[in-house]
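I have placed the structure first, in the form of structure tokens, so that the comments after it can refer back to it.
Here, residue 1 is the first one in the sequence, and each next residue gets the next number.
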Amino acid sequence: MSIWEYANPTKFMRLSGAVLPVTVAAAAICTIGGVAWGLMTPDDYRQGSTVKIIFIHVPAALMAINIWLMMLVTSLIWLIRRHHVSALAAKAAAPIGAVMTLIALITGAVWGQPMWGTWWEWDPRLTSFLVLFLFYIGYMALWNAVEDPDNAADLTGFLCLVGSVFALLSRYAVLFWNQGLHQGASLSVAPGERMSAVYRYPLYLSMLGFFLLFVALMLIRTRTEIRRRRLAALLARENRS
């Protein structure tokens with residue numbers, strides 16, 4: 001059995017329909033549990049209660065970057081192998097990624113204001129993240145602007161390639177530039193830089209919840225896109241007859 005079998009819309013609909021209820025339940029349990037657990041953690045000795053924003057900000061920021069990279073992979077599959085499900089999955093993921101990016105920008109501003117004394121700074125990571133959000137908006141606008149779905153998938157696939165530069169910059173900007181207000185990575189395996197377990201474990205659960213939430217929403221939206229394309233094909237066939 002090959003993974004490419006599930007590029008068939010019928011098989012994808014069957015498999016996604018089976019795993020979707022479990023994914024939705026797991027996403028709800030992990031997301032609510034992780035955020036609730038995080039809110040019950042003690043205040044940080046330097047950042048006070050504002051540190052608890054990390055349980056939303058970090059998972060949202062990680063998903064914002066990784067969703068774009070997932071869109072890049074599925075777009076490349078479309079460009080190389082012409083599997084429609086992969087193109088529709090990329091299209092379905094874009095609004096979720098845009099919302100995750102917006103959540104990360106807003107929570108970052110709320111967290112940064114008491115820590116930095118400003119809501120916004122043209123920091124390398126913040127700026128690249130804002131540009132990534134604009135790429136998400138442009139990606140969705142391009143899908144809606146091009147009437148032919150295959151041409152739209154081609155053009156947005158190439159846009160994904162360009163936007164991936166800013167997705168990687170958003171992830172590694174603090175390594176490229178030393179200046180800027182944004183702290184380094186929240187999670188590190190380097191000795192002496194590991195986050196305290198009291199924050200680390202609920203953060204892991206929250207990150208898992210956000211990931212499962214994305215998977216659930218992506219499956220729902222991809223199933224909707226497949227149904228929409230089927231309906232458009234039926235209407236076009238009926239108009240020709």
Side-chain angles (χ1 to χ4, degrees), residues 7 56-112 119-177 180 182 210-211 213-229 231-232:
I56 296 176
H57 175 73
V58 169
L62 287 175
M63 289 312 304
I65 297 168
N66 289 316
I67 288 171
W68 187 275
L69 296 179
M70 167 264 173
M71 290 164 54
L72 171 64
V73 172
T74 52
S75 295
L76 287 174
I77 292 172
W78 160 255
L79 292 172
I80 296 170
R81 300 185 67 104
R82 312 306 282 184
H83 289 312
H84 284 90
V85 171
S86 62
L88 295 180
K91 180 183 180 183
I96 309 170
V99 171
M100 291 290 185
T101 310
L102 186 60
I103 291 173
L105 287 169
I106 293 173
T107 54
V110 173
W111 193 3
W119 295 96
W120 179 262
E121 179 72 23
W122 293 103
D123 175 281
R125 177 173 282 191
L126 301 183
T127 304
S128 58
F129 222 83
L130 176 61
V131 174
L132 178 62
F133 176 69
L134 297 177
F135 265 97
Y136 271 117
I137 299 300
Y139 180 94
M140 292 184 289
L142 186 57
W143 259 108
N144 292 325
V146 180
E147 191 169 329
D148 182 80
D150 286 356
N151 288 339
D154 288 338
L155 293 173
T156 53
F158 290 117
L159 181 62
C160 261
L161 290 171
V162 180
S164 298
V165 174
F166 291 93
L168 292 172
L169 284 177
S170 299
R171 176 65 182 86
Y172 297 108
V174 291
L175 302 179
F176 299 150
W177 296 283
H182 198 286
F210 271 66
F211 170 73
L213 178 62
F214 160 68
V215 173
L217 292 174
M218 190 268 293
L219 290 176
I220 292 170
R221 287 186 50 80
T222 303
R223 289 167 62 85
T224 301
E225 291 293 338
I226 290 172
R227 291 191 179 104
R228 184 178 297 162
R229 179 164 288 201
L231 179 59

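- Between the His83 side chain and the Trp78 main chain, no donor and acceptor come within less than 3.5 Å of each other.
- If you take CZ on Phe158 and OG1 on Thr156, they are separated by 10.0 Å, rounding to the nearest 0.5 Å.
- Between atom CD1 of residue Ile56 and atom CD1 of residue Ile106 there is a gap of 11.5 Å, rounded to the nearest 0.5 Å.
- Tyr136 places no side-chain N or O within 3.5 Å of a backbone atom of Val99 that could act as its donor or acceptor partner.
- Remark: Leu76 CG to Arg81 CZ distance equals 13.0 Å, nearest 0.5 Å.
- Arg82 places a side-chain heavy atom less than 4.5 Å from the side chain of Asp154.
- Nearest heavy-atom pair across Ala94 and Met140 is CB-CG, 3.8 Å.
- In this structure, Met218 and Ala92 approach most closely via the heavy-atom pair O-CB, 4.1 Å.
- How far CG of Leu62 is from NE2 of His57: 9.0 Å, rounded to the nearest 0.5 Å.
- The distance from the CE atom of Met63 to the CZ atom of Phe210 is 9.5 Å, given to the nearest 0.5 Å.
- When all heavy atoms of Ser75 and Ala90 are compared, the closest pair comes out as OG-CB, 3.8 Å.
- You'll find the side chain of Leu130 stays beyond 4.5 Å of the side chain of Leu126, heavy atoms only.
- Thr222 places no side-chain N or O within donor-acceptor distance of the main-chain N or O of Leu219, the cut-off being under 3.5 Å.
- For the pair Met71 and Ile67, the minimum side-chain heavy-atom distance is below 4.5 Å.
- Atoms CE and CG, on Met100 and Leu102 in that order, are 11.5 Å from each other to the nearest 0.5 Å.
- Looking at every heavy atom in both residues, Ser164 comes nearest to Leu72 through OG-CD2, 3.2 Å.
- Closest heavy-atom contact between Gly163 and Leu132: O-CD1, 4.3 Å.
- Between Cys160 and Tyr139, the shortest heavy-atom contact is SG-CE1, 3.7 Å.
- Counting only heavy atoms from C-beta outward, the side chains of Val162 and Phe135 approach each other to under 4.5 Å.
- Residues Thr74 and Val85 fail the side-chain proximity criterion, which asks for heavy atoms closer than 4.5 Å.
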